[in-house]
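Only a predicted model underlies this, so the values are computations on that prediction, with no experimental measurement involved.
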Amino acid sequence: ILVGGRTLSTDNPRLSNRLWNFPTMDASQPRPIVLDTHLRHIRQYWENESILKAKNLIVCCSHEAAELCYSSSKDQDMLLQLQATNDSTITILPCDTCPNGRLEL
C-alpha cells in the first residue's frame, strides 16, 4: 500500500487491508510505504508525538533527509519515541532523487 507523505499527514490512514480476515491480522498485513522526500510529513508526527494509525511503515526519502535524520540525535530519539508510542516499526529507506528533487522510483 503506497501513499505520499501529504496523505499520511492529512488523513492519517490505517494503510491496511481490512478485507483479509485472519486471526493474526498484524502478521498478514502488507507493509505500507510512504513517499516523503524530505521527511517533512513524518516529522510532524515526531514533533507532535501523534499517534499513527498505520503500522510498520517503510518511509522512502532522499539520501540527504535520511542522513540528517540519522546524524541528529534529536531526530533519532524522536523516531524511537514515535515507534514506541505507536507500538510499531518505522523503517527509513534512502532513495535516489531526480533532478527535480522528487524520489526516483
### Whether Ser72 side chain and Leu68 backbone form a donor-acceptor pair below 3.5 Å
no
### Task
Keeping to residues at least two apart or across chains, list the salt bridge (charged side-chain N to carboxylate O under 4.0 Å, His left out) pairs with something in residues 67-90.
Arg43-Asp75
#### Entry: Single-linkage hydrophobic cluster, 4.5 Å side-chain cutoff, Leu79 and Ile58 together
no
### Task
With sequence neighbours excluded, tell me which residues meet side chain to side chain donor-acceptor pair (under 3.5 Å) with Arg14.
none
Counting only pairs under 3.5 Å, give me each side-chain donor-acceptor contact of residues 94-105, with atom names and distances, residues two or more places apart or in other chains.
{"residue": "Asp96", "atom": "OD1", "partner": "His63", "partner atom": "NE2", "Å": "2.9"}
{"residue": "Asn100", "atom": "OD1", "partner": "Arg102", "partner atom": "N", "Å": "2.9"}

### Task
Say whether Tyr70 and Leu57 are linked into one hydrophobic cluster, either directly or through other cluster members, by side-chain heavy-atom distances under 4.5 angstrom.
yes
### Task
Indicate, with yes or no, if Tyr45 and Val59 share a hydrophobic cluster defined by side-chain heavy-atom contacts under 4.5 Å among Ile, Leu, Val, Met, Phe, Trp and Tyr.
yes
### Spacing of Leu2 atom CG and Thr7 atom OG1 [to the nearest 0.5 Å]
9.5 Å
### Query
Per the side chain to side chain contact (heavy atoms under 4.5 Å, CB included) rule, which among Thr91, Ile92, Asp36, Leu93 passes with Cys60?
Leu93
### Query
Taking atom types as modelled, is there a side-chain donor on Ser9 or Arg40 under 3.5 Å from an acceptor on the other?
no
#### Entry: Value rounded to 0.5 Å, distance of CD1 in Ile42 from CE in Met78
13.0 Å
### Query
Under the 3.5 angstrom rule, does the side chain of Ser62 hit a backbone N or O of His38 as a donor-acceptor pair?
no
### Task
Could you pull out the closest heavy-atom pair between Cys69 and Leu39, with the gap in Å?
CB-CD1, 3.8 Å
#### Entry: Cluster link Leu52 to Leu15, ILVMFWY, side chain under 4.5 Å
yes
#### Entry: Joint cluster assignment, Ile1 & Ile90, ILVMFWY side-chain distance < 4.5 Å
yes
## Note on the structure
When every non-hydrogen atom of Ser88 is compared with those of Ala54, the smallest separation belongs to OG-O, 4.4 Å
### Query
Can you tell me how far the CD atom of Gln83 sits from the NZ atom of Lys55, to the nearest 0.5 Å?
11.5 Å
### Query
For Asn56 and Arg31, which heavy atoms make the closest approach, and how far apart are they?
O-NE, 2.7 Å
